[in-house]
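Structure, as structure tokens:
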Amino acid sequence: MLLTLAFSPHFPQTQNCNFVSGNGFQVERGLEFDTGGAFYRRESATGRDLGVLAASLQKKVNGSLRVLDALCGCGIRSVRYLKEAEADFVAANDGNECYGNTIVENLSRVCVKEEKRWVVTHLEANRVMTDYYVEKSFFDFIDIDSFGSDSSFLRSAINTLKYGGLLYVTSTDGFSSGGHRPHHSLAAYGAYVRSMPYSNEIGLRMLIGGVVREAALLGYHITPLFSYYAYHGPVFRVLLRLNRGKLHDSRHYGFIGHCHQCGNSHEFSWDQLGQMSCSCSVSKVSNSLKVSGPLWTGPLHDAAYLTDMLDLAKQWGWIGCDGKDSLEKLINLMVDESDPRLPFGFINLDEMASRAKINTPPLRTLMSTMHEKGYAASRSHITTNAIKTNCPMTEFIKIAKELQQVSV
């Protein structure tokens, strides 16, 4: 049996808990909780909002909801899954037993322990998930809010997830996604990542690709429902659905190349290894082409699923309550990014202007003109000064120059 308030062999049996419970009260979506000295970032509330909305939709589909918060910190995610998503059971685990009283007190504000809707454990994350797997006690939703590029939890999480369940995973490793530690990204996610203009999108694709690999090893495949990047941290969060059976092809799992000479990006399949080049280069091997992979090259979001999330957020009164409609704007941007005509990556307007040696036309004017010319185009939720489009860089520059002449 899995013991509550147990100790992990990966942590000291006795720890100095110098903080006092009750000294770090915060409020999130109307819920008061105590951070109790645990790491807490107010800016990450949007990621928690998205997780709660997804968990609630999962309960509506299944009729019940079991959640595992594998690295719960002070327990705010567990509290919100319990209260807002109305989870039937939440397992809140954190390896630091110093947070135990704080987690229990926070969860007790939602329902008392005697209702048996939650349990608190202090085990290493892989240990707690393996224990549940051995007991055949599976979950509908697993949240792993890990630090850095620790991918060691992925296989245990997939094993502990029900078929059709949701896995919400995290990376905060901006160095690897930026191509600064390719051997590190190779070890963590099986992807050799090099520097590219859309490195933060690469970070999301690197993370998804890591889960794709682990799922395939276990005989499953995954479907991304949304992929969220936040600059603070940075934070890369993706929500994935676990599906029965592995795909017997390499669809959406390949290599991404960016040519620094012409600015265009390319997708390469496994059978093109050793033959990668850019059409702007005369030679068969383009020295200006940087290639990263293998990575997830498919859709980052499911538009229909995001629409359901937005509808639920409106039902809950979450839209417009801050006077900024930031959550609505974010989800709508993700829906726009879901256009199947849009490839991976985006074009940064500063890069385009530098290549064209012009001032950047207004973003909306650029997008409107591109739509008129038959190209797909949307803003990116990752960076404000960029456009996701299937328009090649050379044509993009041509459009921008024409707009500049018109404005003159």
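The shown structure was predicted, so the numbers you read here are calculated from the model rather than taken from an experiment.
- Judged as a salt bridge (Lys or Arg N to Asp or Glu O under 4.0 Å), and not counting sequence neighbours, the contacts of R48 are E28.
- For H232, the NE2 atom sits in a packed shell: over 12 heavy atoms of surrounding residues, nucleotides or ligands are nearer than 6.0 Å.
- Checking Y198 against S380 by side-chain atom types alone, no donor-acceptor pair falls below 3.5 Å.
- Listed by first and then second residue, the salt bridge (Lys or Arg N to Asp or Glu O under 4.0 Å) pairs involving residues 214-232 are R155-E214 (not counting sequence neighbours).
- Using a distance-only test at 3.5 Å, with no hydrogens or angles considered, a donor-acceptor pair links the side chain of T389 to the main chain of C391.
- A donor-acceptor contact shorter than 3.5 Å links the side chain of S146 to the backbone of T170.
- Judged by distance alone, the side chain of R194 and the main-chain N or O of P182 form no donor-acceptor pair under 3.5 Å.
- F139 pairs with exactly one of Y163, Y133, Y132 by the ring pair (Phe, Tyr, Trp, His ring centres under 6.0 Å) rule, that one being Y132.
- Under a cutoff of 6.0 Å and an axis angle of 45°, R237 and Y168 form a cation-pi pair.
- Judged purely by atom type and a 3.5 angstrom limit, S185 uses its side chain to pair as donor or acceptor with the backbone of A191.
- Listed by first and then second residue, the salt bridge (Lys or Arg N to Asp or Glu O under 4.0 Å) pairs involving residues 298-312 amount to none (not counting sequence neighbours).
- Residues that satisfy the salt bridge (Lys or Arg N to Asp or Glu O under 4.0 Å) test with D350, not counting sequence neighbours, are absent from this structure.
- Under the 3.5 Å distance criterion, the side-chain polar atoms of S56 are left unmatched by any main-chain donor or acceptor of V52.
- Evaluation of the salt bridge (Lys or Arg N to Asp or Glu O under 4.0 Å) rule for D69 yields R77 as partners, not counting sequence neighbours.
- Distance alone, capped at 3.5 Å, is enough to place a donor-acceptor pair between the W296 side chain and the P299 backbone.
- Not a single ring pair (Phe, Tyr, Trp, His ring centres under 6.0 Å) links F147 to another residue, sequence neighbours left out.
- Heavy-atom neighbours of Q26 CD from other residues, nucleotides or ligands within 6.0 Å: above the threshold of 12.
- Between the side chain of D34 and the backbone N or O of G24 there is at least one donor-acceptor pair closer than 3.5 Å.
- Remark: the backbone N or O of G148 is not paired with any side-chain donor or acceptor of D173 at under 3.5 angstrom.
- Atom CZ of F175 has 12 or fewer neighbouring heavy atoms from other residues, nucleotides or ligands inside a 6.0 Å radius.
- Residue pairs that meet the salt bridge (Lys or Arg N to Asp or Glu O under 4.0 Å) test with at least one member in residues 382-398, sequence neighbours left out, are E201-K388.
- Every residue meeting the ring pair (Phe, Tyr, Trp, His ring centres under 6.0 Å) condition with Y81, not counting sequence neighbours, appears here in chain and number order: F141.
- Partners of Y253 according to the ring pair (Phe, Tyr, Trp, His ring centres under 6.0 Å) rule, which considers only residues two or more places apart in sequence or in another chain, do not exist here.
- Y99 and D94 form no side-chain donor-acceptor contact under 3.5 Å, judged by distance and modelled atom types alone.
- P294 places a side-chain heavy atom less than 4.5 Å from the side chain of F255.
- Listed by first and then second residue, the ring pair (Phe, Tyr, Trp, His ring centres under 6.0 Å) pairs that reach into residues 362-385 are H301-H381, sequence neighbours excluded.
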Would you be so kind as to tabulate the donor-acceptor pairs closer than 3.5 Å made by side chains of residues 355-364, with sequence neighbours excluded?
residue: R355; atom: NE; partner: E351; partner atom: OE2; Å: 3.1
residue: R355; atom: NH1; partner: Q261; partner atom: O; Å: 3.0
residue: R355; atom: NH2; partner: H260; partner atom: O; Å: 2.9
residue: R355; atom: NH2; partner: E351; partner atom: OE2; Å: 3.4

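- Looking only at distances, no side-chain donor or acceptor of N264 sits under 3.5 Å from a matching main-chain atom of C259.
- Between D336 and R379, no side-chain nitrogen of the basic residue sits less than 4.0 Å from a carboxylate oxygen of the acidic one, so the salt-bridge criterion is not met.
- Remark: E337 engages no residue in a salt bridge (Lys or Arg N to Asp or Glu O under 4.0 Å) (not counting sequence neighbours).
- For T160 (side chain) and M129 (main-chain N/O), a donor-acceptor pair under 3.5 Å exists by modelled atom type.
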